[in-house]
Amino acid sequence: MTTQRTSGRRKQALAAAVAVAALMTTAACGGGNSDDGDKGSKTGAAGFDAANNKVAQADLAKKGGTLRFGGAQDADSWDTTRGYYGFMWNFARYYSRQLVTNKTEPGKDGATLTPDLATGLAKVTDKGKTYTYTLRDGVTWEDGKPITSKDIKYGIERVWAQDVLSGGPVYLKDVLDPKGAYKGPYKDSAKDKLGLKAIDTPDDKTIVFHLPKANSDFEEMLALVSASPVRQDMDTKSKYGLHPFSSGPYKFASYSPGKDLTLVRNDKWSQASDPIRKAYPDKITVQFFSDANQLDQRLINGDLDLDINQTGMSPQGRTTALKEHKANLDNPVSGYIRYAVFPQSVKPFDNIECRKAVILGADHVSLQTARGGPIAGGDIGTNMLPPSVAGAEGQKYDPYKLAGANKSGNEADAKAALKACGKPNGFKTTIAVRNNKPVEVATAQSLQASLKKIGITAEIDQYDGSQTTGIIGSPANVKKKNYGIIIMGWGPDFPSVQGFGLPLWDSKYILDSGNSNYALIKDKTIDGLFDQYTTTLDDAGKTKISTEINHKVMEGAYYLPFVFEKFINWRGDNLANVYTTDGYSGTYDFVNLGLKSAK
């Protein structure tokens with residue numbers, strides 16, 4: 001996922017980061033004894049890591065009450081076509097349904113698919129090119145009218161309207177209409193505005209997808225909220241995100257962007273038509289705060305139940321929470337990898353040996369510490385495939401010994417690489433980092449200090465983090481600014497190598513604007529493996545190719561992975577039926593959260 005998918009909380013001066021990390025270590029160590037573990041339980045919390053890949057207090061959820069979210073950042077959009085933040089995809093299932101969705105189960109099982117609006121998973125024919133679904137009985141909009149196959153088709157067609165509805169994932173557009181023949185519903189010459197030829201709706205209960213070329217992850221793409229139905233007469237185009245029309249158990253009551261959001265029960269929703277959602281609370285509220293420390297304090301005080309952003313507590317809040325409320329915390333491995341990437345357009349990073357010099361010269365323990373240490377930062381990253389993706393090997397695959405012999409840096413090998421790339425005395429470069437991510441700044445400063453020891457002088461440029469797409473997403477600007485090292489992060493849109501790595505590593509995804517293949521990788525072998533992956537229909541074959549792609553990426557030395565990221569997330573005393581899920585990158589599954597008592 002981008003931005004909030006690539007999540008965030010990061011950066012501060014290195015000294016501050018080290019101080020925070022020291023506090024973290026103290027808190028974590030002190031929090032490991034039974035006294036600290038019991039502090040939160042006095043108020044009814046389930047215990048440290050009680051909801052990490054398992055269900056906490058499942059039997060205590062009651063119907064009723066108000067579920068209270070807080071957040072330090074609003075969604076990019078609540079329009080199901082435009083939203084791309086991971087927490088938006090999670091939350092949107094309160095008011096939107098899809099043909100299929102992620103199972104409401106903890107851990108790895110939550111990354112598997114189950115029918116939602118459809119009566120079953122797809123009937124796949126024509127060697128993986130035709131997908132057929134039948135809609136359930138009794139599925140309705142918030143005004144009681146039936147949801148039809150045409151509503152689903154229209155909702156998907158909106159993805160083509162990128163001039164009006166930009167921002168969301170475009171997998172469906174790329175797979176169903178790779179030549180871009182369809183111009184979207186707002187320019188559709190068909191009278192009913194349903195002119196996309198790749199989707200048939202022979203009747204109101206049947207929808208058929210025709211892929212020009214098989215894609216083994218197509219059903220994963222249909223599970224994204226961008227495949228939600230939208231009713232044509234309720235489509236307010238660019239304003240739709242202010243008040244989406246509900247197909248789920250809750251509907252918008254009020255929304256003030258950047259301030260608050262309230263959902264109330266949709267009385268036209270039928271539990272009998274929905275095997276996924278239990279709809280425990282009567283009302284769901286979200287308050288947005290500009291100060292993450294204020295948000296954390298409200299969580300600790302019990303004024304809020306959980307953080308909607310799910311990117312972990314701030315250093316100040318997590319230090320207090322680990323010391324005094326450890327039973328309210330979970331420490332899941334996220335689906336995100338934090339890393340540095342080397343654009344090959346910026347010399348001398350067109351030379352693999354110069355890239356290897358940075359990888360080998362970096363102090364990986366220092367980088368981990370700058371990101372919050374093993375608990376709040378994560379395990380040292382050794383490769384570029386997240387643990388939640390099939391084919392991942394975790395730290396078992398460590399080609400540069402980043403978590404082993406070279407974890408504190410290998411000055412001799414780094415200098416040998418510099419000599420091999422024709423820069424025996426080092427060189428100058430610039431590290432690009434977002435100015436609104438303190439931990440990223442701290443990471444850049446850690447890397448800067450390591451590189452200085454091997455003769456590489458790195459200047460740090462803190463750019464406007466809200467303008468990422470136009471700054472580091474523009475290869476021309478990256479080259480102009482001499483951004484030889486870009487600090488970033490990424491998580492999977494869906495748990496496969498295609499859902500994670502395609503935008504990063506396939507040459508077809510190098511764009512003049514909005515680029516995410518920052519390394520500008522043009523490797524025919526990698527491109528060929530992705531092509532092979534999309535037409536491989538058996539899971540074992542897909543897993544094997546996934547591993548091969550990761551190995552080729554690491555052999556090219558395009559990236560310096562920092563950590564397989566972990567979070568410290570708050571779980572309020574009153575929450576019930578709480579669990580983390582790989583379906584949403586190790587965060588809590590929102591859709592069936594309940595309360596122990598009505599508030």
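Along the sequence shown, residues are numbered consecutively beginning with 1.
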Donor-acceptor pair between [X] and [Y] side chains, under 3.5 angstrom:
X      : Y      : answer
Asn331 : Asn52  : no
Ser228 : Gln98  : yes
Tyr463 : Asn435 : no
Ser446 : Ser366 : yes
Asp217 : Gln498 : yes
Arg68  : Thr285 : no
Asn293 : Gln297 : no
Tyr584 : Gln310 : no
Asp74  : Tyr255 : yes

Salt bridge check: are Lys103 and Asp109 linked by an N-O gap of less than 4.0 Å? no

Ion pair check, Asp379 and Lys566, cut-off under 4.0 Å: no

Give a yes or no on whether the backbone of [Y] and the side-chain of [X] come within a donor-acceptor separation of less than 3.5 Å.
X      : Y      : value
Arg97  : Asp116 : yes
Ser585 : Ser334 : no
His243 : Gly241 : no
Glu142 : Phe245 : no
His325 : Ala45  : no
Asn406 : Tyr400 : yes
Arg93  : Val225 : no
Gln271 : Asp274 : yes

Is [Y] close to [X] at the side-chain level, that is, under 4.5 Å between some pair of heavy atoms?
X      : Y      : value
Gln287 : Leu304 : yes
Arg338 : Thr443 : no
Pro249 : Tyr95  : no
Tyr397 : Met554 : yes
Leu263 : Lys251 : no
Asn383 : Val553 : no
Leu402 : Lys407 : no
Asn102 : Thr112 : no

When Val55 is tested against each of Asp589, Asn577, Val578 for side chain to side chain contact (heavy atoms under 4.5 Å, CB included), which residue passes? Asn577

Per ring pair (Phe, Tyr, Trp, His ring centres under 6.0 Å), Phe69 is matched among Phe289, Phe590, Phe87, Tyr588 by Phe590

Around atom [atom1] of [X], are there more than 12 heavy atoms from other residues, nucleotides or ligands closer than 6.0 Å?
X      : atom1 : result
Lys401 : NZ    : no
Lys63  : NZ    : yes
Asn301 : CG    : yes

Going through the distances and angles, do Thr101 and Leu113 end up as a side chain to side chain contact (heavy atoms under 4.5 Å, CB included)? CA-CA 5 Å; Thr101 190; Leu113 300 181; over 6 Å; no

Asp76 vs Arg82, test: salt bridge (charged side-chain N to carboxylate O under 4.0 Å, His left out). Steps then yes/no. CA-CA 8 Å; Asp76 47 346; Arg82 305 185 77 174; over 6 Å; no

Trp78 and Phe91 aromatic centres sub-6.0 Å: yes

Under 6.0 Å between ring centres: does that hold for Trp89 and Tyr84? yes

Is there a salt bridge (charged side-chain N to carboxylate O under 4.0 Å, His left out) between Arg318 and Asp296 once you walk through the steps? CA-CA 8 Å; Arg318 73 192 181 207; Asp296 287 348; over 6 Å; no

Geometric cation-pi criterion, Lys326 with Phe48: 6.0 Å, 45°: yes

Verdict with reasoning, Tyr339 to Phe562, per ring-ring contact (aromatic ring centres under 6.0 Å, His included): CA-CA 5 Å; Tyr339 54 78; Phe562 297 144; 7.6 Å; no

